[in-house]
Amino acid sequence: MGVGVDLTDVKQWPKMLPGFLVCLLFAWLVLQYDKYVIGDLNRGHREATRLLKSVQEGKAPASYEEYVQARQESYKKALEKYQQGLEKKKPSKPFILKKEDFDYIVQNKAIPGKFSFGERMNQFQITYVAVLLLGGMIIRNTIGVPKILQPGTVAARPWIKPGIIILGAYYMWSDVLRVGIIGLVLVVLFVLGAAILISVWGKRAKADDGLMGLLSAGVGICGVSAAVAVAPVVNAKPRDFFYAIGTILLFGTLCLFTFPYIGKALDLHQAVYGAWVGTAILNTAQLVAAATWYGHEALLVANVVNVVRIGFIPTYEF
Amino acid sequence: MAEERVKGEFEEKAKATFSAERREDYAVLIIATVVVLLVLLGVIDKKVIDAIYVWKY
């Protein structure tokens with residue numbers, strides 16, 4: 001339980017409140033950044049690029065009012081097509097530039113710097129996940145977390161669980177079944193592969209059976225929970241247990257910061273990336289962070305695959 | 001002897017952590033249920049989510 005705080009103990013709540021509120025404030029500020037820079041400014045860059053192209057081709061709207069009208073009409077037409085069943089995907093509302101940005105593009109034949117900044121931040125995947133993770137790590141390793149705030153930082157952790165439950169509202173049964181079956185195949189291969197590889201490698205390295213058992217379960221299934229569940233079965237020593245957990249969490253941290261960039265470099269589809277993350281990253285919190293970093297669809301797929309993987313815990317008990 | 005004592009302490013700590021985590025899971029389920037109910041009742045809707053964001057283009 002983190003730094004020894006029992007979250008269900010009401011008497012400890014006042015102690016947790018300051019840190020929890022600071023975490024909430026930090027998260028809220030970063031969400032503002034994400035919505036504005038990664039969301040609005042990035043969409044603005046696409047729209048500004050489109051407008052700039054029409055300006056360069058001499059097809060730009062004569063006035064701002066004409067530009068707004070053209071954008072709204074184009075949306076109306078797309079919506080009608082969707083309502084008639086000619087388009088499968090509902091069109092999203094058009095991004096309409098503000099007058100000052102429209103004038104800037106038309107007069108200077110250039111994209112305003114703020115839009116380029118948003119596009120660059122999106123390109124480098126500096127989303128809210130990255131800012132929160134890196135920000136937290138920088139604070140922790142430079143100025144440190146004041147003692148009064150420390151219990152509250154642990155209180156922020158369990159919110160990830162109801163978050164995942166509520167995420168269930170996004171799933172369609174058909175998608176869950178489709179992803180679940182593909183996930184099942186991936187997970188069977190991964191769990192068996194990890195168990196065989198670790199056993200062979202462990203025998204060569206002459207490592208303890210307990211440690212190998214914990215690592216097989218932890219790496220093959222779902223990290224810490226699986227290691228805890230099988231510890232009594234494989235008769236693991238406390239030292240083995242901490243080695244296994246350390247390895248799992250260290251590997252997860254490494255993956256968390258590298259997978260989104262590898263996925264981007266390989267131009268992986270969100271669903272493919274989600275399946276990869278859901279299979280390879282063991283700790284649920286790290287998995288959710290790495291998948292969210294990449295995109296919402298990746299998160300949905302990664303969660304289903306993760307649930308399938310967790311379902312394999314009882315197999316290690318045998 | 002010392003190793004057995006360490007193992008015993010470790011098992012006690014693991015049991016306590018596990019039971020605290022189970023209690024935490026029940027609390028989490030209650031929170032999630034309340035949120036889902038609030039969404040179904042229309043208390044939490046798109047307007048509420050939009051209101052979180054004050055910095056917009």
Side-chain angles (χ1 to χ4, degrees), chain A residues 1-2 4-10 12 24 27-37 39-45 47 95-98 101 114-115 118 154-155 157-169 210 224-225 227-229 231-232 235-242 245, chain B:
Chain A
M1 298 301 291
V5 179
D6 182 355
L7 298 172
T8 51
D9 184 358
V10 180
Q12 296 206 39
L24 274 185
W28 180 79
L29 285 172
V30 176
L31 276 180
Q32 303 308 310
Y33 152 83
D34 193 82
K35 165 86 172 97
Y36 184 66
V37 177
D40 293 351
L41 293 187
N42 188 44
R43 283 185 78 192
H45 185 267
E47 176 59 13
F95 187 94
I96 297 174
L97 293 166
K98 283 183 181 167
D101 294 324
K114 61 182 176 188
F115 293 137
V154 183
R157 182 179 57 85
W159 290 91
I160 196 169
K161 292 180 183 173
I164 292 172
I165 296 171
I166 294 159
L167 200 67
V224 179
S225 307
V228 170
N235 207 16
K237 292 177 195 156
R239 187 202 60 185
D240 300 338
F241 186 71
F242 293 116
I245 289 180
Chain B
M1 260 319 255
E3 197 178 326
E4 261 180 31
R5 191 174 50 82
V6 171
K7 196 170 179 180
E9 279 173 10
F10 164 71
E11 277 177 3
E12 278 302 309
K13 176 89 183 157
K15 269 185 202 165
T17 306
F18 230 48
S19 107
E21 280 199 351
R22 288 294 76 78
R23 283 202 303 277
E24 191 182 300
D25 285 345
Y26 288 124
V28 160
L29 265 178
I30 293 166
I31 293 168
T33 311
V34 170
V35 173
V36 170
L37 282 176
L38 289 176
V39 171
L40 290 176
L41 291 170
V43 178
I44 298 176
D45 58 4
K46 200 174 177 298
K47 278 182 194 164
V48 175
I49 305 296
D50 282 347
I52 294 173
Y53 301 103
V54 291
W55 199 11
K56 293 172 189 168
Y57 178 73

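A, B, ... follow the sequence lines: proteins, then strands. Residue 1 opens every chain. Everything numeric in this text was worked out from a predicted model, so none of it was measured.
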Proximity breakdown for A/Ile96 and chain B, heavy-atom pairs closer than 4.5 Å: backbone
Checking an interface table here. Which of residues 48-57 of chain B come within a heavy-atom distance under 4.5 Å of chain A? B/Ile52, B/Tyr53, B/Val54, B/Trp55, B/Lys56, B/Tyr57
Bottom line for A/Asp34: the part with an atom under 4.5 Å from chain B's heavy atoms is neither
Side chain to side chain contact (heavy atoms under 4.5 Å, CB included) partners of B/Leu29, counting only residues at least two apart: A/Ile165
Report which part of A/Lys114 has an atom under 4.5 Å of a heavy atom belonging to chain B: side chain, backbone, both, or neither. side chain
